[in-house]
Amino acid sequence: DLKSPSVAKAFDRHVRESLPWYDFVTGAVAHFARAYIPQGGVVIDVGASTGNIGRALAATLEQRKAYLVAIDNSPAMAKIYDGPGVFQIADAVTFDFTGFRSNGARPDLIVCFLSLMFVAVADRARLIEKMKDALDLRSKSGIHRLIMALEERGFIRRLPNRARAIEVIKLPELSAG
C-alpha cells in the first residue's frame, strides 16, 4: 500500500532496486520536460511521491521562475516529500488541474512519470482527457506526433504486438538547463 508510512519511507530505495533504470529515465523525462517549461510556467507532477521529478527539474524551475505543484494521494509521501514547489494530497482522477491556483493559471506541463499504471484502467481515459483539457490541447494527436518524432529520430521503438508499449533505445545528451 503506497499510502503506508513504512512503504513511503522505503520508497526511494525500493524503486531504485526494482527499476535499475529509474534514475536514467528520470533524467530523460526531465530533459524532455525542460522544453515545455516557460518563464513563469506551471508544472504539475502527478504521483510525485518523494519528489524525484521535482528535484530533477529544480534548477530549470528556479532559473525560469516556474511553479511546481506536486500531487500524490499518499499523506505518508507528503510527510517525506523532498522536492520544490508545493505538495498537495490529491487523487489525480478528481484533481482540478485548472483550479488549483487563485489566478486560474493553466499548467504548461503535466508529468505522469510511472503514475498512470496506478490509475484504474476505467479511469485512465477520463484522466488523460482532463489533463488534455487543462493543457488546452485540442486533441491527443500532439502526443502521438511527439512519439512519432522520437521514433523517427531513433530514441524509442514501439514494441510489436503490445499496445502502447515502447522501448527507450537512446537518450539525447542531457544538459542541466
Side-chain angles (χ1 to χ4, degrees), residues 1-37 43-63 66-95 97 107 109-125 127-128 131 143 146-147 150-151 153-177:
D1 178 13
L2 293 174
K3 293 182 181 179
S4 124
S6 62
V7 170
K9 187 175 179 182
F11 180 81
D12 282 332
R13 180 184 47 78
H14 173 75
V15 77
R16 283 170 176 83
E17 287 173 0
S18 301
L19 308 170
W21 44 262
Y22 184 76
D23 289 319
F24 178 74
V25 177
T26 296
V29 169
H31 177 79
F32 291 117
R34 287 183 192 105
Y36 296 94
I37 303 172
V43 177
I44 300 176
D45 182 6
V46 176
S49 64
T50 63
N52 192 54
I53 291 293
R55 288 189 301 273
L57 291 172
T60 302
L61 293 167
E62 184 177 336
Q63 177 189 36
Y67 182 79
L68 181 116
V69 178
I71 67 168
D72 199 294
N73 65 356
S74 170
M77 290 292 187
K79 289 180 181 174
I80 61 172
Y81 179 76
D82 182 28
V86 61
F87 188 102
Q88 291 190 18
I89 300 170
D91 180 78
V93 175
T94 59
F95 185 72
F97 287 93
L109 174 68
I110 301 173
V111 178
C112 300
F113 181 51
L114 299 176
S115 57
L116 287 178
M117 69 179 133
F118 297 105
V119 175
V121 173
D123 294 331
R124 282 186 201 151
L127 173 58
I128 290 169
M131 292 186 294
I143 297 164
L146 176 61
I147 297 291
L150 291 171
E151 188 174 28
R153 291 181 177 109
F155 292 110
I156 64 170
R157 76 176 181 95
R158 294 176 196 229
L159 299 178
N161 304 318
R162 294 185 60 197
R164 296 175 297 280
I166 60 171
E167 175 185 17
V168 176
I169 297 171
K170 68 177 182 177
L171 293 174
E173 293 298 317
L174 301 178
S175 63

Would you say that Tyr67 contacts Val86 through its side chain, given a criterion of any heavy-atom pair below 4.5 Å between the two side chains?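 Tyr67 reaches Val86 side chain to side chain.
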
Working to the nearest 0.5 Å, report the span between [atom1] of [X] and [atom2] of [Y].
{"X": "Leu114", "Y": "Ser49", "atom1": "CG", "atom2": "OG", "answer": "9.0 Å"}
{"X": "Phe11", "Y": "Asn52", "atom1": "CZ", "atom2": "CG", "answer": "8.0 Å"}
{"X": "Arg34", "Y": "Leu109", "atom1": "CZ", "atom2": "CG", "answer": "11.5 Å"}
{"X": "Leu116", "Y": "Leu127", "atom1": "CG", "atom2": "CG", "answer": "6.0 Å"}
{"X": "Ile71", "Y": "Phe95", "atom1": "CD1", "atom2": "CZ", "answer": "5.0 Å"}

Val93: partners by side chain to side chain contact (heavy atoms under 4.5 Å, CB included), with sequence neighbours left out: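 Checked Val93 against side chain to side chain contact (heavy atoms under 4.5 Å, CB included); matches are Asp91, Val119, Asp123, Arg126.
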
Partner residues of Asp82 under the side chain to side chain contact (heavy atoms under 4.5 Å, CB included) criterion, sequence neighbours left out: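 Listed in chain order: Arg55.
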
Heavy-atom pair of closest approach, residues [X] and [Y]:
{"X": "Ile44", "Y": "Phe97", "value": "CD1-CD2, 3.6 Å"}
{"X": "Thr26", "Y": "Ala56", "value": "CG2-CB, 3.9 Å"}
{"X": "Ala33", "Y": "Leu57", "value": "CB-CD2, 3.9 Å"}
{"X": "Leu61", "Y": "Pro84", "value": "CD1-CG, 3.7 Å"}
{"X": "Arg124", "Y": "Met117", "value": "NH2-O, 3.5 Å"}
{"X": "Met77", "Y": "Phe87", "value": "C-CZ, 4.2 Å"}

Under the salt bridge (Lys or Arg N to Asp or Glu O under 4.0 Å) rule, what pairs show up with a residue in residues 16-32, not counting sequence neighbours?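 Non-adjacent pairs meeting salt bridge (Lys or Arg N to Asp or Glu O under 4.0 Å): Asp12-Arg16, Arg13-Glu17, Arg16-Asp23.
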
